[in-house]
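Here the structure is laid out as structure tokens; the discussion comes afterwards.
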There are 2 protein chains.
Amino acid sequence: MKNKRVANDTYQEIINSTLSAMAEDGIANLTTKSISKRADVSTASIHYFFATKDNLIYNSFVFVIKSIRLDMLTARKGQADPIKRIKGAMETHFSAMHLSDEAAYIWPQLWVHAGCDERTAKLVRVFGARMISNFTYDLCEAGMGRREARLTAIELRALVVGLWLEKKVTKYAAPQEYREVLDSVFSRLVEQTKGNRK
Amino acid sequence: MKNKRVANDTYQEIINSTLSAMAEDGIANLTTKSISKRADVSTASIHYFFATKDNLIYNSFVFVIKSIRLDMLTARKGQADPIKRIKGAMETHFSAMHLSDEAAYIWPQLWVHAGCDERTAKLVRVFGARMISNFTYDLCEAGMGRREARLTAIELRALVVGLWLEKKVTKYAAPQEYREVLDSVFSRLVEQTKGNRK
DNA sequence: TGTTAGTTATTAACTAATCAGTAAGGTAAA
DNA sequence: TTTACCTTACTGATTAGTTAATAACTAACA
């Protein structure tokens, strides 16, 4: 009954299992055994594909970042209105289509890991910088000055992260309240840029 | 050379060491041994004071939350202007006076732990809810309607969390830019409530 | 066409190190 | 002399990672 799967399946299954184990029990309780159980492979297979546990964790994070970046790119495409482009990107962050609900708990783990692993830190930094850069571009197109656009982009990015964290992790407001906040931010943004579109 | 410290010193030293070990190596690499080395006590002492490692982690988090809450209360006191009260609270979050710079890395760990430990989740929830409640009260006093005040409070709270996380963990903007963002948010807030103070 | 040689995927069984927690006893202050 | 504090020395469980063997497929060749 060996070799029942192709290699690529097993590789991805190990990553999926890593993410779901991490989401459920936290990175502190993540073991090769718990991962191997979920993926229904031996612990040796994990080392066959990823060499070390650390490397597996890093590659799982790479997968998450890539997935979200892809989703955001798709959401941006074919959207002519720059403010709507930002809205789409922010909402993608909330829904995270390609990822399971479990995997959404990965973000805080990513931040934690970035705090003590330079490779992961770089991953997070590059992703965030690109998001701010995109938002700045969009806001300029909507008629904002360069400086104001950048500051607003930083603010929007922080807002996504903050709202997302509160909704997913701490949840002390009702779910629809987070949506209302997001909506009111966008009507303010539309108001702010009204009249000076290029 | 035994018994060189009083119990309370050791107790607190273990908590401090837990926090700094967590900040440096992450909760995943937190061991009783690494803590005992930092605190310069035996691992048995940790169990003498806290029984289990889990309990030690929880109590360390309690200490962090209590410290920040105390700082925020102090910052609020004697400040008549409601908007400045909010500003003070948000800035406290950034400076976190009583805590070392290291300990500031604790927040993401707290969120992560809250994701898989109900006791910690409650701690975080109660703290955040109180902050939103305070902000809502202040905004009402500044002349906002109840509903708008609550939504703005949620937004401000998310902004603190987001900006703080980006500044401390991901840092892809320059340090003074985060300050500029915070300042522009407050001038907007002053503008928004101008004229309708009670 | 069937044999074989080689590659890839996978495992059971192991190891050496490390882990959280315990037991028993020592020390100093009250 | 009791009590609170703290240690050394241990334990059994668990850990990440290794090894040696093998199953399953691939392609070259006879």
Side-chain angles (χ1 to χ4, degrees), chain A residues 1-63 109 112-113 116-117 119-120, chain B residues 1-63 109 112-113 116-117 119-120:
Chain A
M1 270 301 178
K2 285 189 180 180
N3 234 7
K4 58 187 167 184
R5 288 193 281 231
V6 266
N8 214 315
D9 276 6
T10 308
Y11 181 95
Q12 189 57 49
E13 185 52 43
I14 291 173
I15 285 187
N16 292 344
S17 299
T18 304
L19 292 172
S20 75
M22 197 148 48
E24 204 160 301
D25 313 320
I27 208 169
N29 303 308
L30 189 72
T31 63
T32 50
K33 198 184 174 187
S34 73
I35 295 164
S36 73
K37 257 190 187 169
R38 276 171 197 264
D40 198 28
V41 295
S42 73
T43 58
S45 281
I46 292 171
H47 289 99
Y48 174 77
F49 283 106
F50 298 95
T52 63
K53 184 187 162 191
D54 227 58
N55 195 46
L56 165 60
I57 292 175
Y58 175 72
N59 278 284
S60 302
F61 285 148
V62 168
F63 170 71
Q109 320 261 0
V112 165
H113 202 66
C116 55
D117 178 63
R119 215 163 40 142
T120 306
Chain B
M1 271 301 176
K2 287 186 180 182
N3 233 6
K4 59 188 165 183
R5 289 192 283 233
V6 267
N8 212 317
D9 276 6
T10 308
Y11 181 95
Q12 190 55 50
E13 186 52 43
I14 290 171
I15 285 187
N16 292 344
S17 300
T18 305
L19 293 173
S20 73
M22 196 148 51
E24 203 159 304
D25 313 319
I27 208 169
N29 303 308
L30 190 70
T31 64
T32 49
K33 198 184 174 185
S34 72
I35 295 163
S36 72
K37 256 190 188 169
R38 275 170 198 266
D40 197 30
V41 294
S42 72
T43 59
S45 281
I46 291 171
H47 289 100
Y48 174 76
F49 283 105
F50 297 96
T52 64
K53 184 189 164 190
D54 227 58
N55 196 45
L56 165 61
I57 293 174
Y58 176 72
N59 278 285
S60 301
F61 285 148
V62 169
F63 170 72
Q109 320 263 358
V112 164
H113 202 67
C116 55
D117 177 63
R119 215 165 37 143
T120 305

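So that the names make sense, note that chain A is the first sequence line, chain B the second, and so on, each numbered from 1.
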Specify the closest pair of heavy atoms between [X] and [Y], including all atoms of both residues, with the distance to one decimal.
X: B:Glu24; Y: A:Cys116; answer: O-CB, 3.3 Å
X: B:Gln109; Y: B:Ile27; answer: OE1-N, 3.0 Å
X: A:Thr120; Y: A:Tyr58; answer: OG1-CD1, 3.9 Å

query: Taking B:Asn29 for the side chain and B:Asp25 for the main chain, is one N or O donor matched with an acceptor at less than 3.5 Å?
result: yes

query: Just by distance, do the side chain of B:Ser34 and the backbone of B:Leu30 share a donor-acceptor pair under 3.5 Å?
result: no

query: Contact class for A:Ser42 (heavy atom, under 4.0 Å): base, sugar-phosphate, or nothing?
result: base

statement: Regarding the side chain of A:Phe49, the nearest nucleotide among D:dC6, D:dG17, C:dT10 is C:dT10

statement: Against the side chain of A:Thr31, the closest entry in D:dA16, D:dT19, C:dT22 is D:dA16

Which whole-number value in Å describes the distance from [X] [atom1] to [N] [atom2]?
X: B:Lys37; N: C:dT18; atom1: NZ; atom2: C1'; result: 12 Å
X: B:Glu13; N: D:dC5; atom1: CD; atom2: P; result: 16 Å
X: A:Phe50; N: C:dA9; atom1: CZ; atom2: P; result: 12 Å
X: B:Leu30; N: C:dT18; atom1: CG; atom2: P; result: 16 Å
X: B:Lys33; N: C:dG21; atom1: NZ; atom2: P; result: 16 Å
X: A:Ile46; N: D:dG17; atom1: CD1; atom2: C1'; result: 11 Å
X: B:Asn29; N: D:dA16; atom1: CG; atom2: P; result: 11 Å
X: A:Lys53; N: D:dG17; atom1: NZ; atom2: P; result: 8 Å

[X] side chain near [N] phosphate (N/O to OP1/OP2, under 4.0 Å):
X: B:Thr43; N: C:dA20; value: no
X: A:Thr10; N: C:dT10; value: yes
X: A:Ser45; N: C:dT11; value: yes

Whichever of A:Thr32 and B:Tyr48 has its nearest DNA chain D nucleotide further upstream toward 5': B:Tyr48

